[in-house]
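To keep things clear, I will list the structure first and then write my remarks on it.
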Amino acid sequence: MGRWTTNGFNAYTLGFYKEQLQQLFVDAFGTDFKLDDTLPQGVLIQRIAELLYNADMDSVEVMSQLNPNTSSGVWLDYIGGLRGIPRKEGSSQVASVQVTSTPSSMPYTIPAGTMFFSGSDGFTTATNQIISTSPQTIVVTYTETGNSSVSVGDTMTCDLTQINDLLITSLADGEPTETDADYRARLSTTYSVANNTMNWVEAKIAESPLVKTTGFGYNDSNATVNNRPPHTSEWMAVPRPGVDEEVFKATVGEIIINNKVPSSETYGNTSVVVRDLYGDQKTVNFTIPDEVPVQIEITIETPDTTGVLDTSRILAEKQAVVDYINSLNIGKNVSMSRVLSNFVTDTGYNVVGYRIKAVDDESWVSNADFVIDDREYASLSLANISVGL
C-alpha cells in the first residue's frame, strides 16, 4: 500500500504495483512465467494492480481529510475536537454609540436584537436598552466575528423613529475566527504524537466496566514537571463503587502495558506487575486519584414577592447537584454557578448564601468555586448538602 510522508498519505502508481506483482509471480513460478497482458495471468496481474491502486486512491482521499497537515474546514474542526483543542471562534467588535432622541418620545425601549447599520456593517443590541435621556450611550455588537470597517466618529442608522442620530464614540476590537492555517499550526505544536498515544490509552482504560472515570498527564520536557519525571506518562483511573481493588489495578495495568508506546516510562501513585501480550512481566505505574467528599450549605429565605416559603422541590434539586458533582472528571472544579443553577430558579424561596468545603476541612469557601487538584476528584452525598433558613 501507499506510504505516509510529511505531506500526508501518498499513493503508489499503477505501474509500480504492476511491476511489483510481476516480480512476485516470477519469483514464485520462475523466469518462464508469461507476463503478456493478453494472457489470463497477465490480465490477473493487471486487475490486482488496479485494485491496489484504487485502494490507495481511496486512502489518499480519506487520509487527506483526517490528517491535520492536509485537512481543512469542518474536518480540521473534527480532528481538533477529538484532541480536545477546539478552534478559536473569535469575538465580535463592540461599539459604544451615542443615541440622540426626540425629547417627546422618552422614555422608550430599544429592544434586544435591534439592528444598527453603518454602510454594509451591521451591529445589534444584546439586551433591551431603556432610553431616558438624550444623548445616551449604548453598547452594540458587530454581527460577525472580528472587526467591521467602521471608525470612531462614523454614524449609524436604525429603523426606530424615536432616534434622531447615532454617533460611534468608541470601538473595542474583536478577534477573527482562527483560520485553517493558524489552527493547523496550533494543533501541530500543542498536540504531540505522545498526546495521541495518551488519548488512545485513556480511551482503552475508559472502556473497562471497572472504571468510573479517567484522566492523564504527560511531561514532554527534560525536567520534572508536577512530580512527573522527564518524558513520562501518567494515566489516572477511578474505580467504580464496589470493584475489587486488586482486580481493578491489574486490569488497568494490563490495558496500559498493551496499548502504550513500548519502553516509554509511566508514573503514578500505584504500581502493579502485569504480563504483556507476549507473556513478559512488566511493572506499570498509574494514579488512582484521591476522592474529595465535599459538603455544601445553601441558605434561603422566604421570598418577598409571595411571603410564602415553598421547599417542596428541594429534594429533587439536591439530587441534581449530587448527580452533577459525582459526574465530574478528575481535576474538575466544583462550579458554584452550576450548583446554584438548580436552586435560584425555584420561586418558592430566595437563595441568600452559599458555601462549600471538603468534609474533613474546617474552613469553608464562600460564594466561589471549589478548587480540585489535578489528581483529585470531587464527590457528594445527599447527607452532605443542606438547604435551609
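In this text, all values refer to a predicted model and were calculated from it rather than measured experimentally.
Note: E234 CD to M198 CE = 8.0 Å, rounded to the nearest 0.5 Å. Separation of atoms CG (D165) and CE (M156) is listed at 11.5 Å; rounding is to 0.5 Å.
The shortest distance between side-chain heavy atoms of K260 and W200 does not fall below 4.5 Å. Side-chain contact between E376 and I330 is absent, with no heavy atoms from C-beta onward closer than 4.5 Å. Contact of the Y354 side chain with the M336 side chain is registered, since non-hydrogen atoms from C-beta on lie closer than 4.5 Å. A 4.5 Å side-chain heavy-atom check between R275 and I257 finds every atom pair outside the cut-off. Side-chain atoms of V150 and L171, non-hydrogen and from C-beta on, do get closer than 4.5 Å to each other. Residues N285 and E265 are not in side-chain contact: their nearest non-hydrogen atoms beyond the backbone lie 4.5 Å or more apart. Under the 4.5 Å side-chain criterion, counting only non-hydrogen atoms from C-beta, F286 is in contact with I256. K249 is listed as a side-chain neighbour of T270, based on a closest heavy-atom distance under 4.5 Å.
Of the N and O atoms on the side chains of T102 and S104, not one donor lies less than 3.5 Å from an acceptor on the other residue. Between E291 and S379, the side chains place a donor N or O and an acceptor N or O closer than 3.5 Å (distance only, hydrogens not considered). A donor atom on one side chain and an acceptor atom on the other are not found under 3.5 Å apart for S101 and Q162. Q319 and D323 share a side-chain donor-acceptor pair at under 3.5 Å. Between S118 and D121, the side chains place no donor N or O within less than 3.5 Å of an acceptor N or O (distance only, hydrogens not considered). Judged purely by distance below 3.5 Å, without hydrogens or angles, the side chains of T38 and D36 pair a donor atom with an acceptor atom. Counting only N and O atoms by type, the side chains of E50 and Q46 include a donor and acceptor under 3.5 Å apart. Defined by atom type and a distance below 3.5 Å, a donor-acceptor pair is missing between the side-chain atoms of S271 and T283. Side-chain N/O atoms of N219 and T232 include no donor and acceptor closer than 3.5 Å. T100 and N164 are not linked by any side-chain donor-acceptor pair at a separation below 3.5 angstrom, with hydrogens and angles left out of the test. Q136 and S134 share no donor-acceptor pair across their side chains, judged by distance under 3.5 Å alone.
Taking the six-membered ring for Trp and the full ring otherwise, the centers of Y53 and Y17 sit at least 6.0 Å from each other. Residues F116 and F123 keep their aromatic ring centres 6.0 Å or farther apart.
The residues D374 and R228 are annotated as not salt-bridged, no charged nitrogen and carboxylate oxygen being separated by less than 4.0 angstrom. A salt bridge does not link K357 with E362: every distance from a Lys NZ or Arg NE/NH1/NH2 to an Asp or Glu carboxylate oxygen is 4.0 Å or more. Between R186 and E178, at least one side-chain N (NZ, or NE/NH1/NH2) sits under 4.0 Å from a carboxylate O, which counts as a salt bridge.
Around CD of Q98, the count of heavy atoms belonging to other residues, nucleotides or ligands within 6.0 Å exceeds 12. Environment of CG in N367: crowded, with over 12 heavy atoms of neighbouring residues, nucleotides or ligands closer than 6.0 Å. More than 12 heavy-atom neighbours from other residues, nucleotides or ligands sit within 6.0 angstrom of CG on L44. Atom CG of D27 has more than 12 neighbouring heavy atoms from other residues, nucleotides or ligands inside a 6.0 Å radius.
Residue I48 is grouped with residue Y12 when hydrophobic side chains (ILVMFWY) are merged at heavy-atom distances under 4.5 angstrom, including chains of intermediate members. Follow the hydrophobic side-chain contacts under 4.5 Å out from W364 and you never reach V352; the two are in separate clusters. Cluster annotation: V272 and W235 are assigned to the same hydrophobic cluster (Ile/Leu/Val/Met/Phe/Trp/Tyr, side-chain heavy-atom contacts under 4.5 Å, transitive). Both V334 and L382 belong to a common hydrophobic cluster when Ile, Leu, Val, Met, Phe, Trp and Tyr are linked at side-chain heavy-atom distances under 4.5 angstrom. Taking hydrophobic clusters as Ile, Leu, Val, Met, Phe, Trp and Tyr residues chained together by side-chain heavy-atom distances below 4.5 Å, I110 shares a cluster with Y142.
Using a distance-only test at 3.5 Å, with no hydrogens or angles considered, a donor-acceptor pair links the side chain of D310 to the main chain of S312. N342 places no side-chain N or O within donor-acceptor distance of the main-chain N or O of V321, the cut-off being under 3.5 Å. The main-chain N or O of G80 is never found under 3.5 Å from a side-chain atom of R87 such that the two would form a donor-acceptor pair. Side-chain atoms of D180 come within 3.5 Å of backbone atoms of G73 as a donor-acceptor pair (strictly under, hydrogens ignored). The backbone N or O of T114 sits less than 3.5 Å from a side-chain atom of T124, completing a donor-acceptor pair. A donor-acceptor pair under 3.5 Å links the side-chain atoms of N326 to the main chain of L380, judged by distance alone. With hydrogens and angles disregarded, no donor-acceptor distance shorter than 3.5 Å links the side chain of N128 to the backbone of P111. Side chain of D276 to backbone of N258: no donor-acceptor contact under 3.5 angstrom is found. When atom types are taken as modelled, the side chain of S208 and the backbone of I205 share no donor-acceptor pair closer than 3.5 angstrom. For the pair D361 (side chain) and S363 (backbone), a donor-acceptor distance under 3.5 Å is absent.
Summarising the geometry of G174 relative to N147, their closest heavy-atom pair is N-OD1, 2.6 Å, with the distance given to 0.1 Å. Among all heavy-atom pairs drawn from A95 and I168, the shortest one is CB-CG2, 4.5 Å. Heavy-atom minimum distance, P303 versus T306: CG-OG1, 3.3 Å. The minimum heavy-atom distance between R375 and Y267, with the atom names listed, is NH2-CE2, 3.8 Å. Nearest heavy atom pair, residue T224 against residue P230, reads OG1-CD, 4.0 Å. The two residues I296 and I298 make their nearest non-hydrogen contact at CG2-CG1, 3.9 Å.
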Could you walk me through whether E89 and T177 pass the side-chain hydrogen bond (donor to acceptor under 3.5 Å, both in side chains) check?
-> CA-CA 5 Å; E89 292 298 331; T177 299; 4.5 Å; no

May I have the step-by-step check of side chain to side chain contact (heavy atoms under 4.5 Å, CB included) for V359 and N384, ending in yes or no?
-> CA-CA 8 Å; V359 169; N384 283 331; 3.7 Å; yes

Please assess I163 against Y108 for the test side chain to side chain contact (heavy atoms under 4.5 Å, CB included), listing each intermediate value before the final yes or no.
-> CA-CA 10 Å; I163 295 177; Y108 66 95; 3.3 Å; yes

Taking it one step at a time, do V211 and R240 satisfy side chain to side chain contact (heavy atoms under 4.5 Å, CB included)?
-> CA-CA 5 Å; V211 176; R240 290 190 180 277; 5.8 Å; no

Begin from the C-alpha positions of E175 and S91 and carry the test side-chain hydrogen bond (donor to acceptor under 3.5 Å, both in side chains) through to its verdict.
-> CA-CA 5 Å; E175 292 291 335; S91 59; 5.9 Å; no

I300/F343 under side chain to side chain contact (heavy atoms under 4.5 Å, CB included): CA gap, chis, key distance, verdict | CA-CA 10 Å; I300 62 174; F343 301 96; over 6 Å; no

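Exactly one of L210, D244, I288 qualifies for a side-chain contact (heavy atoms from CB on, under 4.5 Å) with P239. That residue is I288.
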